[in-house]
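So the structure is just underneath, and the comments pick up after that.
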Amino acid sequence: MRFYSKLLTLVVFTTLGTLLSSCNNDEGSAPNTLTCNLASATIVDSEGFYSAAFNYNNQRQITGFNDSEGNVVLNYQPDKVFANIDSGAFIDTMFLQNGQWSKSVSRYPFESSNRPGTLYNRIITTPVIADGLITQLNVLTIEETEENGQIATRDSSLATYNLTYNAFGNVTSIRNAANQEGGNIDFVYADSTKNIKSNSYFNFIFLAEYFLEDNLVAVLTGKINLFRNPPSRITNADFPSDRITFIGIKADVNNNLKEINGTRAENPGPPSERFSFTYDCK
């Protein structure tokens, strides 16, 4: 396994290592509430072993990660958070209004053998938020070209996605509003794991594979937190044979996701993907 997204094609597996999690994403937490930040993540799959460690500032905000591939740094400003990946080749900026996510803008180069100039994709993601849940995402994709220092738009397209949730605030379905293929996903959760808290890194791995590959900072900082508890199954609704089932889900003493194993439908049998996490709780 690795993750099939144009973002990950650009920055290879390094970018995936950036995803961290805050165990407690409630801004209104009581003063003495224990807050847990993801300290490390390890993955064992058919491609080998991968590990990452995550960094924080004095406000316990994620500031980046480091692993054998390198490091990524997040920069905080009053109204935005941004990250430059791969020496600035990929730039992702999350904009805030009163501390709430208002939109994200990602820009990265891509290759085309039959078009002149340097080509870029610019992705603008705008959420609709109700009662603390993202109920809709509007994703504008703009194809740009740069020649002689001038940037021009070649093409653009807008996709809208509607999201539904269960009583625990976990997303159960994502649907393309235009009834088109792409971004249609179903999530199933087990009652036995409803008290286990997921993390943003685990969220990103599978959201990037099926849906949200460009919103690195928003997921990293917990502004996109679609499944608060680990799902027992994720299915691509357009291709139902494309699904993964999770078992062996374990929590630490603070009910944070500690271990989880995944088996893909095309490779039935023992789990082929094993995830382990540690946390720093204060």
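Nothing fancy with the numbering, it's 1 onward along the sequence.
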Next item on the list: List the steps and the verdict of side-chain contact (heavy atoms from CB on, under 4.5 Å) for Asn75 and Gln77.
Entry: CA-CA 7 Å; Asn75 298 277; Gln77 296 183 7; 5.8 Å; no
Margin query: Set out, in order, the CA-CA distance, both residues' side-chain angles and the distance that settles side-chain contact (heavy atoms from CB on, under 4.5 Å) for Lys197 and Asn199, then state yes or no.
Written below: CA-CA 7 Å; Lys197 292 172 282 189; Asn199 62 63; over 6 Å; no
Item checked: Heavy-atom pair with the smallest gap, counting every atom of Ser173 and Phe187 -> N-CD1, 4.3 Å
Margin query: Which residues pass the salt bridge (Lys or Arg N to Asp or Glu O under 4.0 Å) test with Arg175, not counting sequence neighbours?
Written below: Asp186
Next item on the list: Report the C-alpha separation of Asp45 and Ile43 in whole Å, then their side-chain angles, then the decisive distance to 0.1 Å, and conclude whether the side-chain contact (heavy atoms from CB on, under 4.5 Å) test is met.
Entry: CA-CA 6 Å; Asp45 62 18; Ile43 301 173; 4.1 Å; yes
Check: Under the 3.5 angstrom rule, does the side chain of Asn121 hit a backbone N or O of Tyr108 as a donor-acceptor pair?
Finding: no
Note to self: Rounded to the nearest 0.5 Å, what separates atom CG in Leu220 from atom CG in Asp92?
What the structure shows: 9.5 Å
Item checked: Parallel, tilted or perpendicular: rings of Phe206 and Phe275 (30°, 60°) -> perpendicular
Checklist line | Shortest non-hydrogen contact from Gln180 toward Asn184 | finding: O-ND2, 2.8 Å
Check: Quick one: salt bridge (Lys or Arg N to Asp or Glu O under 4.0 Å) partners of Lys80, sequence neighbours excluded?
Finding: none
Next item on the list: For residues Lys258 and Asp252, report the shortest heavy-atom separation together with the two atoms involved.
Entry: CB-N, 3.8 Å
Check: Linking I/L/V/M/F/W/Y whenever their side-chain heavy atoms sit closer than 4.5 Å, directly or via other members, would Val139 and Leu133 fall into one cluster?
Finding: yes
Notebook entry, point to check: Has the side chain of Asn98 got a donor or acceptor atom that lies under 3.5 Å from a matching backbone atom of Gln100?
Noted result: no
Checklist line | Transitive ILVMFWY side-chain link Val105 to Phe204, under 4.5 Å | finding: no
Checklist line | Between CG on residue Asn236 and CD1 on residue Ile185, distance to nearest 0.5 Å | finding: 7.0 Å
Next item on the list: Give a yes or no on this: more than 12 heavy atoms of other residues, nucleotides or ligands lie within 6.0 Å of atom CD of Gln97.
Entry: no
Note to self: Checking the side chain of Thr135 only, and the main-chain atoms of Val128 only, is there a donor and an acceptor separated by less than 3.5 Å?
What the structure shows: yes
Note to self: Strictly distance-based, threshold 3.5 Å: is any side-chain N or O of Ser200 a donor or acceptor partner for the main-chain N or O of Val219?
What the structure shows: yes
Checklist line | Joint cluster assignment, Ile224 & Leu140, ILVMFWY side-chain distance < 4.5 Å | finding: no
Notebook entry, point to check: What pairs with Glu259 under salt bridge (Lys or Arg N to Asp or Glu O under 4.0 Å), at least two apart in sequence or on another chain?
Noted result: Lys250
Item checked: Phe82 backbone acceptor or donor facing Thr93 side chain under 3.5 Å -> no
Next item on the list: To the nearest 0.5 angstrom, please state how far the OG1 atom of Thr126 sits from the CH2 atom of Trp101.
Entry: 8.0 Å
Item checked: Rounded distance (nearest 0.5 Å) linking atom CZ of Phe54 with atom OG of Ser40 -> 7.5 Å
Check: Do you know the tightest heavy-atom contact between Ile62 and Asn55?
Finding: CD1-O, 3.1 Å
Check: Of Val253, Leu257, Asn254, which is the lone residue that meets side chain to side chain contact (heavy atoms under 4.5 Å, CB included) with Tyr279?
Finding: Leu257
Notebook entry, point to check: Between atom CD1 of Ile91 and atom OH of Tyr120, what is the distance when rounded to the nearest 0.5 Å?
Noted result: 9.0 Å
Next item on the list: Mark yes or no for whether Tyr165, through its side chain, and Leu226, through its backbone, hold a donor-acceptor pair below 3.5 Å.
Entry: no
Check: For the residue pair Ile196 and Asn256, what are the closest heavy atoms and their distance?
Finding: CG2-C, 4.2 Å
Notebook entry, point to check: Do Tyr76 and Leu216 belong together in a cluster built from hydrophobic side chains that touch within less than 4.5 Å?
Noted result: yes
Notebook entry, point to check: Between Ser104 and Thr125, does a side-chain hydrogen bond (donor to acceptor under 3.5 Å, both in side chains) hold up when you go through it step by step?
Noted result: CA-CA 5 Å; Ser104 288; Thr125 305; over 6 Å; no
Check: Does Asp238 reach the main-chain N or O of Gly182 with its side chain, forming a donor-acceptor pair under 3.5 Å?
Finding: yes
Margin query: If I compare all heavy atoms of Glu273 with all of Ile244, which pair ends up nearest, and what's the gap?
Written below: OE1-CD1, 3.2 Å
Margin query: Is there a side-chain contact between Thr221 and Gln61 in this structure, where contact means two heavy atoms from C-beta onward sitting under 4.5 Å apart?
Written below: no
Next item on the list: Indicate, with yes or no, if Leu119 and Ile151 share a hydrophobic cluster defined by side-chain heavy-atom contacts under 4.5 Å among Ile, Leu, Val, Met, Phe, Trp and Tyr.
Entry: no
Item checked: Residues Asn255, Asn195; criterion side-chain hydrogen bond (donor to acceptor under 3.5 Å, both in side chains); working and verdict -> CA-CA 7 Å; Asn255 284 334; Asn195 294 320; over 6 Å; no
Notebook entry, point to check: Among Asn261, Ile260, Thr263, which residue meets the side chain to side chain contact (heavy atoms under 4.5 Å, CB included) test with Phe246?
Noted result: Ile260
Check: Do Asn203 and Ser198 come within less than 4.5 Å of each other through their side chains, counting heavy atoms only?
Finding: yes
Item checked: Heavy-atom check, side chain of Thr235 versus side chain of Arg233, under 4.5 Å -> yes
Item checked: From CG (Leu34) to NZ (Lys282), nearest 0.5 Å -> 11.0 Å
Notebook entry, point to check: Taking the six-membered ring for Trp, are Phe202 and Phe227 parallel (under 30°), tilted (30 to 60°) or perpendicular (over 60°)?
Noted result: perpendicular
Checklist line | Side chain to side chain, Leu137 and Pro127, heavy atoms closer than 4.5 Å | finding: yes
Notebook entry, point to check: Going through the checks in order, is the side-chain contact (heavy atoms from CB on, under 4.5 Å) test met by Arg60 and Asp280?
Noted result: CA-CA 10 Å; Arg60 296 182 65 75; Asp280 174 31; 3.5 Å; yes
